[in-house]
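Worksheet: one structure, shown below.
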2 protein chains.
Amino acid sequence: MGILERRERLKKQVRADILKTARDIARDEGWQAVSIRKIAEVIEYSPPILYEYFDSKDKLLETIRDDGFSQLHEEFSKIKNLYRNPEKQLVEFGQAQWRMATEQPEVFQVMFNLDGALCLSKQAYQLEFNMRNNHPVWEALAAIRPRAADTVSKTFYEWWCLTYGFLAMTLISQTRVNVAQMEPVFMESVRRFVRGLM
Amino acid sequence: MGILERRERLKKQVRADILKTARDIARDEGWQAVSIRKIAEVIEYSPPILYEYFDSKDKLLETIRDDGFSQLHEEFSKIKNLYRNPEKQLVEFGQAQWRMATEQPEVFQVMFNLDGALCLSKQAYQLEFNMRNNHPVWEALAAIRPRAADTVSKTFYEWWCLTYGFLAMTLISQTRVNVAQMEPVFMESVRRFVRGLM
DNA sequence: GTTACAGGTTTACACTGTTAGATAATACGC
DNA sequence: GCGTATTATCTAACAGTGTAAACCTGTAAC
C-alpha cells in the first residue's frame, strides 16, 4: 500500500509548506500581510485547499504558536540534560528564550500576539503558565531553595514577566540592528534575577 | 463670527466621538473587531467621513496611542509634584502604569501593539524611550544615585522592560478577574527594582 | 462500465480599508 | 430673496480579506 503512504507524505509536506510560507511572509512583511490567498499562491494551490489542513486561519496561527512553545521546551530539555546546577539552567533558559525571540521573531510574535499577529485561542498560555511541577523553569526555581509551591509559582510568574518584558519590548521598540546590542543587558537582568533567588 | 466657531466645536466633538467609539468597540470586542464602518455606524455618519478627521485607520490608532502616552505623562507630572523623594516617585510611577494598563487595557493594547491592535508607526516609541533628561522616570532614576547618562539610560530601559513585561503578560495571560490579584506581585517587583538602585 | 469518492477548483458571500464622483446643505454677494 | 460658490456628506465602487457551497475531475471498486 505505498500509494496511501505517498499521499500521507504529500499531505504532511503540504501542511508543512503552508506553515513555512505563513512564517516566511510574516518575516518579510509582518503578520498583517499574511493572508490565506497569499499563502495559497506561494504553495500553488487554490485558497480553499488550506481549509483541508487547518479549520481556520486562527487554528493555523495556533499551530505555529504551539510549535513555538514545543520548540522552546525542546531547548529547555537539552539544557536540563546538559547542566545540573539550577542557577546555570535558568541562565541558559533565558538565553534560549533570547535566541528564540531574536532568531524567529515572527514565531515569537504569534506566541504572544505581538505586532499584528492575532491568535484568539489562549489555550497555550494556560498550558504553559499552569504547568508548575512539569515545567523546566518551575523545577529549576523550586530546586534553588525549598519553598511552598505557591511561592515558586509566584517566582515562576515573575520569571515570565521579566524575560517576556525584555524580549517583547526589545522587539517592539528597537530596530533590527539594535536588537543584538541588548542581549548583554537582558542576560545581566536574568543573572541578577537568579542571584536574587538564592 | 460664531458660525465658524460652532463648526470648529462640532468638528472637535465628532473627532472625539470617533476616538471614543473606537475605544469602546475595542473594549467590548477587541481591536480586531474595530472597523471604520462600525465606528461610522455608531457616530451615525457614512464611513468616508472618518477620513475627514484621520488620514487612515493607522493614523487613528496612532492618535489613541499618543493620547495614551500623554495621559501617562500627565499622571507622571502629578506624581512629580506630589512627592520629592525619587524612590517614592518611581513606586508611584509604577502604580500609575498599572492603573493605566488595567483601567484602559484597550489603550494599552494600542500603545504596544498587543492583542490584535496594530499601529505601524513607531514614532511614539522613539519619543518615549529616547527622552532621557526630560522623562520623569529617567530623572527619578538619575536622582537616586549620580551616574553617567548611559548607565541611567540602561536602567531606564530596564524599567520599561520590567513594568511593560508585567503589565502585558498579565493582560495577555490572565482572565479579567485574575488581573486584580496580580497587582501586589507587580508592585513588589517595582519596589525591589527601586531598592536595587540604591 | 458504472458508481463512489477524494482532491481540487470556481464561484460566491459578507466583510475590510479606502477613493472618486455625485449630491445635498449651507454661506455669501448682490 | 435669489443665484452662486463653497462646504459637508453620501453613494458607489475597487481591491483585498476569511470562508462556505457547489461543482468538476481523475482514480478506485465492484
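Computed over heavy atoms, backbone and side chain alike; hydrogens, waters and symmetry mates excluded.
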Between atom CG in A:Leu50 and atom P in C:dT9, what is the gap in whole Å? 11 Å
Donor-acceptor list for residues 37-56 of chain A side chains, cut-off 3.5 Å, not counting sequence neighbours:
residue, atom, partner, partner atom, Å
A:Lys38, NZ, A:Ala33, O, 3.0
A:Ser56, OG, A:Asp58, N, 3.4
A:Ser56, OG, A:Lys59, N, 3.2

Name the atoms and distances for all side-chain donor-acceptor pairs under 3.5 Å in residues 69-76 of chain A, with sequence neighbours left out.
residue, atom, partner, partner atom, Å
A:Ser70, OG, A:Asp66, O, 3.0
A:Gln71, NE2, A:Gln104, OE1, 2.7
A:His73, NE2, A:Glu128, OE1, 2.9
A:His73, NE2, A:Glu128, OE2, 3.0
A:Glu75, OE2, A:Lys78, NZ, 3.4

Can you pull every protein N or O that's under 3.5 Å from an N or O on nucleotides 11-17 of chain D?
residue, atom, partner, partner atom, Å
D:dA13, N6, B:Arg37, NH2, 3.4
D:dT17, OP1, A:Ser35, OG, 2.8

Distance in angstrom units between B:Leu118 CG and C:dG17 C1', rounded: 13 Å
Between C:dA6 (C1') and A:Tyr53 (OH): distance, integer Å: 12 Å
Report the distance from atom CZ of A:Arg15 to atom C1' of C:dG7, rounded to the nearest whole Å. 18 Å
A:Ile49 side-chain proximity, nearest of C:dT19, D:dT7, C:dT9: C:dT9
N/O donor-acceptor pairs under 3.5 Å from side chains in residues 190-198 of chain B, not counting sequence neighbours:
residue, atom, partner, partner atom, Å
B:Arg192, NH2, A:Glu158, OE2, 3.4
B:Arg192, NH2, B:Ser189, OG, 3.4

Classify A:Glu52 by what it touches in the nucleic acid, base, sugar-phosphate, or nothing, heavy-atom distance under 4.0 Å. nothing
Could you give the CD-to-C1' distance, from A:Glu41 to C:dT9, as a whole number of Å? 16 Å
A:Gln13: which residues meet the side chain to side chain donor-acceptor pair (under 3.5 Å) condition with it, sequence neighbours left out? A:Asp17
Please state how far atom NZ in A:Lys11 lies from atom C1' in C:dG7, giving the value in whole angstrom units. 9 Å
After noting the C-alpha distance and the side-chain angles of A:Arg65 and A:Tyr125, does the key distance pass the side chain to side chain contact (heavy atoms under 4.5 Å, CB included) rule? CA-CA 10 Å; A:Arg65 168 184 291 176; A:Tyr125 302 142; 3.1 Å; yes
Using whole Å, report how far CD of B:Gln32 lies from C1' of C:dG17. 16 Å
Output the rounded distance in Å from CZ (B:Phe54) to C1' (C:dT19). 19 Å
Measuring to OP1 and OP2 of D:dC10, would you say a side-chain N or O of B:Tyr45 lies under 4.0 angstrom away? no
Could you list who else is in B:Leu120's hydrophobic cluster, with ILVMFWY side chains joined at under 4.5 Å, directly or through other members? B:Leu118
If I compare all heavy atoms of B:Tyr164 with all of A:Ile172, which pair ends up nearest, and what's the gap? OH-CD1, 3.3 Å
